[in-house]
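Note on naming: letters A, B, ... go to the chains in the order of the sequence lines (proteins, then strands), and numbering restarts at 1 for each one.
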Amino acid sequence: MESESESDPPGLRLRIPEPARGRQPADRARFISPAGEMRKPALDEKVERVALMRKQLVRVLDDDGNAVGEWVPDLSADAKRTGLRDMMLVRSFDARLLHAHRQGKISFYMQALGEEAVACAQKRALDPGDMHFPTYRQQGLLIAGGYPIVDMMNQVLSNEYDPLKGRQLPVLYSAKSHGFFSISGNLATQYIQAVGWAMASALRGGTEIASAWIGEGASAESDFHAALVFASTYQAPVILNIVNNHWAISTPEDFARGASATFADRGYGFSIPALRVDGNDYLAVYAASAWAAERARANLGPTLLEWITLRRGAHSTSDDPSVYRPADEAQKFPLGDPIDRLDQHLTAIGEWDEERQAALQREVDQEVEDAFAEADSHGSVKTGAVGDPRSMFDDVFHDLPRHLVEQQAQVGEGR
Amino acid sequence: MESESESDPPGLRLRIPEPARGRQPADRARFISPAGEMRKPALDEKVERVALMRKQLVRVLDDDGNAVGEWVPDLSADAKRTGLRDMMLVRSFDARLLHAHRQGKISFYMQALGEEAVACAQKRALDPGDMHFPTYRQQGLLIAGGYPIVDMMNQVLSNEYDPLKGRQLPVLYSAKSHGFFSISGNLATQYIQAVGWAMASALRGGTEIASAWIGEGASAESDFHAALVFASTYQAPVILNIVNNHWAISTPEDFARGASATFADRGYGFSIPALRVDGNDYLAVYAASAWAAERARANLGPTLLEWITLRRGAHSTSDDPSVYRPADEAQKFPLGDPIDRLDQHLTAIGEWDEERQAALQREVDQEVEDAFAEADSHGSVKTGAVGDPRSMFDDVFHDLPRHLVEQQAQVGEGR
Amino acid sequence: MPAMTMIEAIRDAHTVAMERDDRVIVFGEDVGYFGGVFRCTHGLQERFGEHRCFDAPINESGIVGAAVGMAAYGLRPCVEIQFADYMYPAYDQIVSEAARLRHRSAGDFSAPLVVRMPTGGGIYGGQTHSQSPEALFTHVAGLTTVVVSNPYDAKGLLIASIEDDDPVMFLEPKRVYNGPFDGHHDRPIVPWSQHPLGEVPEGHYSIELGTARVHRAGDELTVLTYGTLVHVAQAAAEEQDLDAEIIDLRTLVPLDIDTIVDSVRKTGRCLVLHEATLTSGFGAELSAQVQERCFYHLESPIIRVAGWDTPYPHAHEWSYFPGPDRVGRAMRKAVTA
Amino acid sequence: MPAMTMIEAIRDAHTVAMERDDRVIVFGEDVGYFGGVFRCTHGLQERFGEHRCFDAPINESGIVGAAVGMAAYGLRPCVEIQFADYMYPAYDQIVSEAARLRHRSAGDFSAPLVVRMPTGGGIYGGQTHSQSPEALFTHVAGLTTVVVSNPYDAKGLLIASIEDDDPVMFLEPKRVYNGPFDGHHDRPIVPWSQHPLGEVPEGHYSIELGTARVHRAGDELTVLTYGTLVHVAQAAAEEQDLDAEIIDLRTLVPLDIDTIVDSVRKTGRCLVLHEATLTSGFGAELSAQVQERCFYHLESPIIRVAGWDTPYPHAHEWSYFPGPDRVGRAMRKAVTA
Ligand SMILES: Cc1ncc(C[n+]2csc(CCOP(=O)(O)OP(=O)(O)O)c2C)c(N)n1
Ligand SMILES: Cc1ncc(C[n+]2csc(CCOP(=O)(O)OP(=O)(O)O)c2C)c(N)n1
Ligand SMILES: [Mg+2]
Ligand SMILES: [Mg+2]
């Protein structure tokens with residue numbers, strides 16, 4: 001659907017994609033194939049043939065919670081329970097910090113509500129040593145990677161225990177030890193950096209691969225192109241993730257996607273195999289990520305993965321989505337909720353029940369509560385417990401040059 | 001073909017496309033279909049179906065000079081002779097200015113040798129009022145558009161009659177009156193500007209379309225992506241030309257194209273119909289350009305056209321291609337020479353002969369000689385006949401601000 | 001006269017300009033239906049339609065590049081970069097294209113466009129929501145650079161910028177969107193409705209680009225500044241009880257050098273303030289020019305107070321921001337040295 | 001000691017650095033097989049293989065962005081931007097990424113990389129082959145900015161830059177690639193083989209970043225400059241028969257302020273020269289700092305001589321370039337004022 005110039009002159013007309021207007025979009029989440037339907041291509045399948053699957057969706061979990069089809073990953077019940085726990089921990093973590101924002105303890109927060117599976121499952125599908133180049137909505141990579149949540153909270157609180165020394169906005173974590181590249185506030189820059197990192201690994205004959213993350217909105221940025229050109233030319237061992245959560249702040253996906261049918265289509269012109277995947281299906285995410293990683297490690301080059309999911313919450317704590325999106329969008333979303341669906345699956349295969357679910361919920365909530373209590377005890381940017389301001393001069397360079405020594409000395413004089 | 005790390009470790013390997021090395025590339029000019037083979041799709045043909053033609057080539061002129069197939073344009077013999085003359089004039093113009101460079105009269109030059117058909121035929125296929133956003137290799141747009149070649153020469157000589165007042169490097173023309181946007185030294189920036197211009201025309205309900213030009217090497221630049229995103233999202237009435245002359249200075253097309261089969265493939269992910277066209281076939285260029293223009297004017301949005309041709313000369317007068325390309329590349333090029341082929345066609349249909357060809361050659365050479373004599377009589381940057389240096393302060397802004405008035409006054413004091 | 005916030009004044013300027021000239025179109029990330037993350041374009045789409053004010057894909061080079069093409073066609077695009085910190089992807093289109101188009105084509109084409117961007121810190125935005133990149137524009141021939149400090153000026157300068165025949169970089173310090181912030185971040189916010197510069201006439205008026213405004217007259221010391229720091233300077237002068245003349249430059253290029261020189265020749269002492277990083281900030285240019293033109297009138301060294309040469313920190317924002325204490329100390333130094 | 005052109009010295013620096021450390025890799029447009037349009041990387045691919053020195057697609061943001069990723073991995077990329085005028089598409093990756101990575105990650109990641117670029121005019125290159133964008137780097141916290149003026153320094157500084165743990169912008173004035181160009185464009189070219197700074201030791205040596213070099217000692221006047229203008233200043237001083245002390249800054253950030261201050265306190269007069277556009281050029285920063293630190297020693301105003309505030313013209317190149325006449329007149333003025 002599109003609007004036309006009011007006057008509708010005989011000449012040319014500009015198509016402006018329809019703004020959100022708070023109504024349910026006509027084709028929110030397009031091309032939803034049934035679970036199990038889509039074939040699993042060979043690792044070195046021709047890109048033209050992979051492209052024929054463009055209007056399909058890698059899905060494993062059906063509506064009854066059964067895992068079906070060629071993409072069912074080889075995951076133990078324990079591994080699935082771990083996945084469930086990872087996602088629940090992310091959700092509980094997010095909820096606690098949103099609450100902290102409401103309490104006035106933090107200045108800003110961004111949650112991943114509804115899209116926890118994407119980061120959590122891919123983290124588990126890749127290897128330690130691999131490097132993720134995330135956006136601000138992949139806290140799941142850290143949590144599923146076992147990074148201490150209290151350290152994350154210290155970062156968000158920007159207190160003296162913040163590993164980033166209060167330098168970055170909340171949620172812009174960095175954790176090299178956990179294969180998590182420093183998040184930039186500038187969209188898309190990380191995409192080509194991930195390709196560069198992967199090129200370096202290949203240049204050195206390593207085995208580690210890189211994984212690049214971007215939102216569907218930010219895929220319109222130019223560094224997306226730089227990344228695809230370099231990945232294609234040098235056949236870099238990299239996974240190129242596009243998280244299509246249907247929103248870029250207030251703007252529906254259509255503004256970035258334009259007239260094309262899917263974001264996965266963007267891979268084709270670079271001969272980069274691209275799949276669309278049910279991003280709310282933990283097993284599908286795991287399987288597709290593992291497939292892409294195997295391709296990369298086998299020197300078969302980059303893979304593009306479009307994750308279909310939904311940003312259920314506001315863009316950030318600075319955003320009020322009620323003016324542009326319908327209240328019931330999440331309910332109407334055809335791919336459900338990732339936690340519910342994995343819970344349902346584990347229950348369906350007899351590995352889970354309501355009681356255990358309730359107990360796990362209490363456990364993760366408690367873990368989050370404890371961590372938050374600890375982090376909060378160190379204060380926050382709001383309480384002024386932010387450490388020595390002179391530390392802001394550190395790390396501008398490896399060694400403090402003379403002009404910064406002089407400036408640093410002036411900070412001692414008060415503000 | 002690709003090279004591998006010397007040590008060939010068990011781990012990852014980086015693929016580096018094979019450098020030119022002065023050898024004949026294995027697959028120079030790929031997927032050459034016979035003339036007349038490729039169907040002409042409906043103006044509103046589905047992009048998926050157009051994409052199926054990706055390894056074909058729009059060709060009209062066969063090896064015997066006959067015009068064959070669905071793409072034969074409706075062009076009179078006169079129009080064809082005009083096309084021949086346009087191309088010959090470009091070639092003669094280029095030759096004269098290259099000679100002027102050897103004579104030490106100009107500082108720099110770039111010729112279009114071997115790719116004259118692309119610009120000349122498209123200019124004739126589009127309408128006055130349409131705006132081209134060219135690169136430095138589309139002098140054919142001006143010449144076929146009837147722009148005075150003596151003015152072009154004055155620009156190249158940078159003398160007092162240079163319409164650009166000596167501000168720009170030779171060949172970076174600007175001629176709004178002739179639908180020719182000011183050429184930028186910075187690659188690719190014009191591609192998105194053309195989309196913006198086309199959007200403006202559509203916003204105003206005009207009938208003029210824009211035509212964006214880029215080399216295959218520069219299509220790796222990020223503004224290429226910006227242009228495709230905007231063109232796709234707003235369905236701008238624009239033709240997106242990629243001139244694939246197989247070289248970007250010393251670098252073969254593979255570095256920009258990466259693993260994909262063609263540059264036309266890049267349109268697919270934006271749902272922009274894309275055709276590969278024999279760029280040395282004047283009739284094919286005319287027909288494909290007219291088709292794309294018709295699509296744009298019918299509000300069917302952008303079209304991407306990949307022109308297969310060959311940069312027969314050096315990149316510029318600053319370049320020595322002998323170290324990276326084989327001497328016989330032009331002879332081995334399967335699409336021949338655009339002037340020879342149109343000459344052959346006109347002869348085949350009984351509208352031309354050797355004598356008329358020789359006479360035309362004399363005529364265009366004389367026209368060029370006369371123009372050059374006139375331009376040269378005004379001197380050049382080498383003779384110092386460059387006009388008043390204070391003019392360099394004009395046009396920085398519409399009105400000269402005070403600091404420039406002051407600076408301008410100092411120029412009077414000598415250098 | 002109605003009291004307006006700076007956001008309302010900017011909105012109003014858009015409305016006036018769009019009413020008067022249908023070549024004026026407005027686009028950018030989230031500026032259409034939503035009306036911009038700072039609400040500066042709120043209501044424009046509803047009023048003028050989706051073809052005059054619309055959302056853009058997230059590609060700053062695309063936004064400015066398309067605007068250059070539109071301007072070359074004959075429109076007058078006024079685009080928003082969501083935060084000045086995100087103008088870098090558009091920098092090539094700004095510097096190599098918009099700024100040089102008229103000159104390189106000898107007037108054949110021109111690029112009358114405005115690039116608006118929220119600048120500055122004070123909202124705990126960290127290094128990518130706090131920058132003041134004005135000096136990256138002032139070094140580029142062909143760009144006019146405006147920094148606004150209050151609603152009255154913002155409206156008049158934005159209208160003038162849209163009407164200008166060349167590209168204008170229009171910088172809006174976000175910390176003064178809602179009130180004349182004086183750097184005392186721990187005090188309650190003063191709204192524009194309580195400030196004379198919050199009174200904004202209805203309808204069309206414009207302020208000539210390249211003219212400074214004497215924000216506060218004085219004899220003891222000249223303070224050259226712009227944006228948020230105008231209000232900080234005023235607070236500091238009052239707190240130090242100094243007869244400082246505060247000049248709000250408003251346009252950095254072209255610069256109103258006469259107003260500056262007159263003041264410094266009168267006071268003999270000069271302080272230059274900005275929020276951007278010190279080294280190669282616009283303060284360096286101001287200092288150099290004042291020194292060149294007022295050397296024999298200067299009684300003490302020109303002092304620059306600016307952001308430190310570090311990325312803008314999140315938690316230590318108020319140690320970075322040149323607040324009234326730091327500015328006040330420098331004022332004292334300037335008058336006693 | 002062998003005589004080398006600056007091109008040969010840069011090539012030699014690459015070779016030495018690549019020999020010593022296999023993490024050093026080199027890429028960029030036409031730098032691989034062809035060896036760069038200025039031949040600065042000629043022979044490296046043949047010697048070190050296609051995996052140490054290779055061609056890149058034409059995408060400057062891609063080149064620097066990939067280098068940031070490689071540097072984060074642990075390599076030491078040294079990349080070439082074909083002309084400094086084409087660095088703008090990479091500016092976001094330079095400013096927002098390379099420059100800030102160490103700081104924003106609190107040392108977790110860093111970006112030890114070098115971005116080399118030919119700068120400056122004098123080859124009739126017009127506005128897009130002549131720029132000197134150093135001031136666009138010096139304003140950015142986290143970047144080291146080097147401008148070289150001769151083969152000896154070029155080799156030692158490039159090796160130091162590659163070995164440095166942070167991003168270095170390495171500017172190479174193309175007009176001094178082949179000889180110490182003094183601005184007399186109408187005279188025969190003097191090759192480096194006839195100049196003492198063309199003598200370049202073999203093997204490894206490095207010059208500490210942040211140290212200036214007194215190019216010519218003198219008592220009457222201090223000239224602060226870098227790149228091509230060092231040689232112009234020398235010619236002008238000789239022609240004016242002035243006892244000028246010429247300081248080749250070599251590194252702009254971090255700046256060797258001690259050497260500068262010592263000289264200006266001695267001479268009491270100061271001239272600042274560069275080829276880049278005057279307004280907000282690095283000369284403004286130099287003028288501001290000298291004024292701040294030497295106010296009571298200055299006997300006349302600091303004078304800046306620089307490129308005009310216009311795009312770099314093609315035909316009028318020598319009216320734009322601050323040549324020995326213009327510089328000489330300024331020197332006279334500085335000593336007589
Ligand atoms: C270069 C740049 N431009 C604009 C922004 C402002 N911005 C932050 S997030 C965002 C929307 C991104 O949407 P999407 O990529 O879909 O990610 P999501 O928020 O949905 O996860 C925008 C425009 C930015 N951070 N960087
Ligand atoms: C932004 C930018 N980067 C690099 C260059 C230098 N450069 C000029 S032409 C050229 C090669 C372009 O090749 P292609 O696009 O294939 O066009 P062709 O010369 O073949 O017509 C390069 C790298 C430039 N002008 N601008
Ligand atoms: Mg999104
Ligand atoms: Mg080419």
Next on the checklist: At a 4.5 Å cut-off on heavy atoms, which part of A/Ala248 comes close to chain C: side chain, backbone, both, or neither?
Outcome noted: both
Checklist outcome for this item: Heavy atoms of A/Val396 and C/Pro311 approach each other most closely as CG2-CD, 4.1 Å
Item to check | Any side-chain heavy-atom pair of C/Glu60 and A/Glu221 under 4.5 Å | outcome: yes
Checklist entry - Given side chains that start at C-beta, do those of C/His314 and A/Leu172 come closer than 4.5 Å, heavy atoms only? => result no
Next on the checklist: Just verifying a value: how many Å separate C/Gln127 CD and A/Met392 CE, rounded to the nearest 0.5 Å?
Outcome noted: 13.0 Å
Next on the checklist: Around atom CD of C/Glu238, are there more than 12 heavy atoms from other residues, nucleotides or ligands closer than 6.0 Å?
Outcome noted: yes
Item to check | C/Glu50 to A/Ile16 - nearest heavy-atom pair and separation | outcome: O-CD1, 3.6 Å
Checklist entry - Is the number of heavy atoms from other residues, nucleotides or ligands within 6.0 Å of OH (C/Tyr86) greater than 12? => result yes
Item to check | Interatomic distance, A/Gln407 atom CD to C/Thr310 atom OG1 [nearest 0.5 angstrom] | outcome: 8.0 Å
Checklist entry - Just checking, is any N or O donor in the side chain of A/Ser250 or C/Asp30 under 3.5 Å from an acceptor N or O on the other one? => result yes
Next on the checklist: Taking side chain as everything from C-beta outward and backbone as N, CA, C, O, which of these in C/Ile123 sits under 4.5 Å from a heavy atom of chain A? Side chain, backbone, both or neither.
Outcome noted: neither
Item to check | A/Val386 versus C/Ala315, closest heavy-atom pair with distance | outcome: CG1-CB, 3.6 Å
Checklist entry - If you look at every heavy atom in A/Ala220 and C/Asn59, which pair is closest and at what distance? => result O-ND2, 2.8 Å
Next on the checklist: Which atoms of C/Asp55 are under 4.5 Å from chain A, going by heavy atoms: the side chain, the backbone, both sets, or neither?
Outcome noted: both
Checklist outcome for this item: With chain C, the option among A/Phe397, A/Phe393, A/Phe224 that has the most non-hydrogen atom pairs under 4.5 Å is A/Phe393
Next on the checklist: Less than 4.5 Å to any heavy atom of chain C: does that hold for the side chain of A/His315, its backbone, both, or neither?
Outcome noted: neither
Checklist entry - Where does A/Ser380 contact chain C at under 4.5 Å (heavy atoms): side chain, backbone, both or neither? => result neither
Next on the checklist: Using 0.5 Å steps for rounding, measure from the OG atom of A/Ser318 to the NE2 atom of C/His129.
Outcome noted: 8.0 Å
Item to check | Residue A/Lys382 excluded, over 12 heavy atoms near NZ under 6.0 Å | outcome: yes
Next on the checklist: Between A/Asp388 and chain C, with a heavy-atom cut-off of 4.5 Å, which part of the residue counts as in contact: side chain, backbone, both or neither?
Outcome noted: backbone
Checklist entry - Less than 4.5 Å apart, any side-chain heavy atom of C/Phe34 and any of A/Asp319? => result yes
Item to check | A/Val323 portion near chain C, given a 4.5 angstrom heavy-atom threshold | outcome: both
Checklist entry - Does any N or O in the side chain of C/His316 come within less than 3.5 Å of the main-chain N or O of A/Gly166, such that one atom is a donor and the other an acceptor? => result no
Checklist entry - Quick one: are A/Phe108 and C/Tyr124 in side-chain contact, heavy atoms under 4.5 Å? => result no
Checklist outcome for this item: Smallest heavy-atom separation, C/Tyr33 atom then A/Pro19 atom, equals CB-CB, 3.5 Å
Checklist entry - Do the side chains of C/Glu29 and A/Thr251 get nearer than 4.5 Å, heavy atoms only? => result no
Checklist entry - How far does NE2 of A/His403 sit from CH2 of C/Trp308, to the nearest 0.5 angstrom? => result 12.0 Å
Checklist entry - Is the backbone N or O of A/Leu404 less than 3.5 Å from a side-chain atom of C/Asp309, with the two atoms forming a donor-acceptor pair by type? => result no
Item to check | Test item: C/Gln82 and A/Ile249 side chains (from C-beta on) under 4.5 Å apart, heavy atoms | outcome: yes
Checklist entry - Between C/Tyr320 and chain A, which part of the residue has a heavy atom less than 4.5 Å away: side chain, backbone, both or neither? => result both
Item to check | Side-chain touch A/Arg390/C/Ser319, heavy atoms, less than 4.5 angstrom | outcome: no
